[in-house]
Amino acid sequence: MSEEMKKRIQSTFSKNKEAYVSSSTHNNQQDLNLITEWLNPEPNWKGLDLATGGGHVAREMSRWMDHVVASDLTKEMLENTARHLSNIKNLSYIIADVSSLPFLDESFDVVCCRIAPHHFSEPEKFINEAYRVLKPRGLFLMIDNTAPEDDHLDLFYNTFEQMRDSSHHRAWKVSEWKKMIQPAGFQLKRESKRKKTLPFRDWLERTLHDKNSQKLVEEYFLQAGPQASSYFSFVRKEGTLESFSIDEWMVLCQKI
């Protein structure tokens, strides 16, 4: 990951560390329960949560596994999460760049990464590093926002994400992710594509605090054509945007 991109990510998440801990999107227990269901973890497993953010996945994993490492690029974010989760004794915290993980080969039974890969400028390296640190037959579970397969909608989506968050690199299409995952050596075991509804103000204000910039993002939405309005399920009320929906992909892979 380039130094410029690292600085953008660290700046965004250090300023908004508390917002990610309390985010209703990231703290969705139904989502976390599904992770446990798909992994079906064993008590002696060692897990790694990449780009842990507010630590929601690491906390869930720690309930079922022997030990979990929560890693993040942003020191301030990780320190804040460690304070919130200080009562959990089988969690440890490591500052780490997903493109070059500070772990030995075959260290973990499970590697998870949720709602973060769209920030990664080198997704192939992220995938290869996840594969490297997994034990043979280890599981890799990823959840992230994905771009529509239609190029026009892809451009619309990634544009408003970058307007709202300068640390957003790219939300990839599912077809693009598959072209990265399978050559790395993973076997795709299970996948689910679903719509995720986001409250507009909560989503907007989590990372963007300047009122003029917020207005520009909202105007970009409101000026969208019927194709984008329909695909992203805009809900308007009295001239303002209340919510919209994006695509999210959940995938479970195994190291072979």
Side-chain angles (χ1 to χ4, degrees), residues 1-2 4-9 11-13 16 20 23 25-26 51 53 73 98-99 113-127 142-184 188 191-237 239-251:
M1 191 180 297
S2 70
E4 181 185 354
M5 197 62 188
K6 283 184 185 180
K7 288 177 182 177
R8 283 188 195 175
I9 291 171
S11 174
T12 296
F13 287 96
N16 302 294
Y20 277 87
S23 164
T25 302
H26 293 76
L73 181 64
V98 296
S99 301
C113 190
R114 174 176 176 249
I115 322 180
H118 55 275
H119 295 286
F120 304 162
S121 59
E122 299 174 301
E124 293 95 343
K125 287 186 178 180
F126 151 62
I127 295 293
M142 184 182 79
I143 303 174
D144 200 25
N145 312 330
T146 54
E149 295 294 330
D150 178 273
D151 288 341
H152 174 74
L153 294 172
D154 173 348
L155 177 62
F156 177 79
Y157 173 53
N158 277 292
T159 298
F160 72 65
E161 285 282 18
Q162 287 162 354
M163 290 174 70
R164 171 252 188 182
D165 179 2
S166 64
S167 71
H168 174 90
H169 178 70
R170 170 164 171 72
W172 300 89
K173 301 173 182 179
V174 171
S175 59
E176 292 172 327
W177 274 120
K178 288 183 176 180
K179 288 177 182 176
M180 292 184 263
I181 287 172
Q182 290 168 335
L188 199 153
E191 64 178 307
S192 174
K193 189 175 179 181
R194 57 197 179 183
K195 288 287 187 181
K196 178 170 66 176
T197 299
L198 300 172
F200 181 74
R201 298 311 308 182
D202 175 73
W203 167 83
L204 182 65
E205 294 171 2
R206 193 181 309 136
T207 56
L208 194 61
H209 308 297
D210 176 72
K211 296 297 182 183
N212 288 332
S213 298
Q214 289 177 2
K215 186 177 179 181
L216 288 174
V217 176
E218 186 163 17
E219 287 175 351
Y220 184 77
F221 272 87
L222 295 175
Q223 292 168 7
Q227 183 189 17
S229 298
S230 174
Y231 187 89
F232 294 102
S233 305
F234 290 1
V235 175
R236 295 181 173 91
K237 186 176 181 180
T240 62
L241 193 65
E242 287 205 332
S243 68
F244 65 101
S245 297
I246 59 175
D247 294 326
E248 186 177 73
W249 189 49
M250 180 171 176
V251 61

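Numbering starts at 1 and runs along the sequence shown.
The shortest side-chain heavy-atom distance between H168 and Q162 falls under the 4.5 Å cut-off. In this structure, R114 and D144 have side chains that are not in contact, with every pair of non-hydrogen atoms separated by 4.5 Å or more. Side-chain atoms of I127 and E122, non-hydrogen and from C-beta on, never get closer than 4.5 Å to each other. Between C113 and F126, the closest side-chain pair of non-hydrogen atoms falls below 4.5 Å. Using a 4.5 Å heavy-atom threshold, the side chains of N145 and E161 count as touching.
Between E176 and R170 a salt bridge is recorded (basic side-chain N to carboxylate O distance below 4.0 Å). By the 4.0 Å N-to-carboxylate-O rule, K215 lies too far from D210 to be salt-bridged with it.
A side-chain donor-acceptor contact under 3.5 Å links N158 to the backbone of A171. Without hydrogens or angle criteria, T240 side chain to K237 main chain gives a donor-acceptor distance under 3.5 Å. The main-chain N or O of L208 is found under 3.5 Å from a side-chain atom of Q214 such that the two form a donor-acceptor pair.
The shortest heavy-atom contact between K178 and P183 is O-CD, 3.9 Å. Heavy atoms only, all atoms of each residue included: D154 and P148 are closest at CB-O, 3.7 Å. When all heavy atoms are compared, the tightest approach of Y220 to M163 is CG-SD, 3.9 Å.
Annotation for K179: atom NZ does not count as buried by contact number, only 12 or fewer foreign heavy atoms lying within 6.0 Å.
Relative to the ring axis of F120, K125 does not place its NZ or CZ within 45° and under 6.0 Å from the centre.
For F200 and F234, the gap between ring centers reaches or exceeds 6.0 Å.
Counting only N and O atoms by type, the side chains of S121 and H169 include no donor and acceptor under 3.5 Å apart.
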With side chain to side chain donor-acceptor pair (under 3.5 Å) as the test, would you mind laying out the steps for T197 and S243 before giving the verdict? CA-CA 7 Å; T197 299; S243 68; 5.9 Å; no

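Between F221 and F160, the two ring planes are tilted [angle within 30° to 60°]. Ring geometry for F156 against F232 counts as tilted: the plane angle lies between 30° and 60°, on a 0 to 90° scale.
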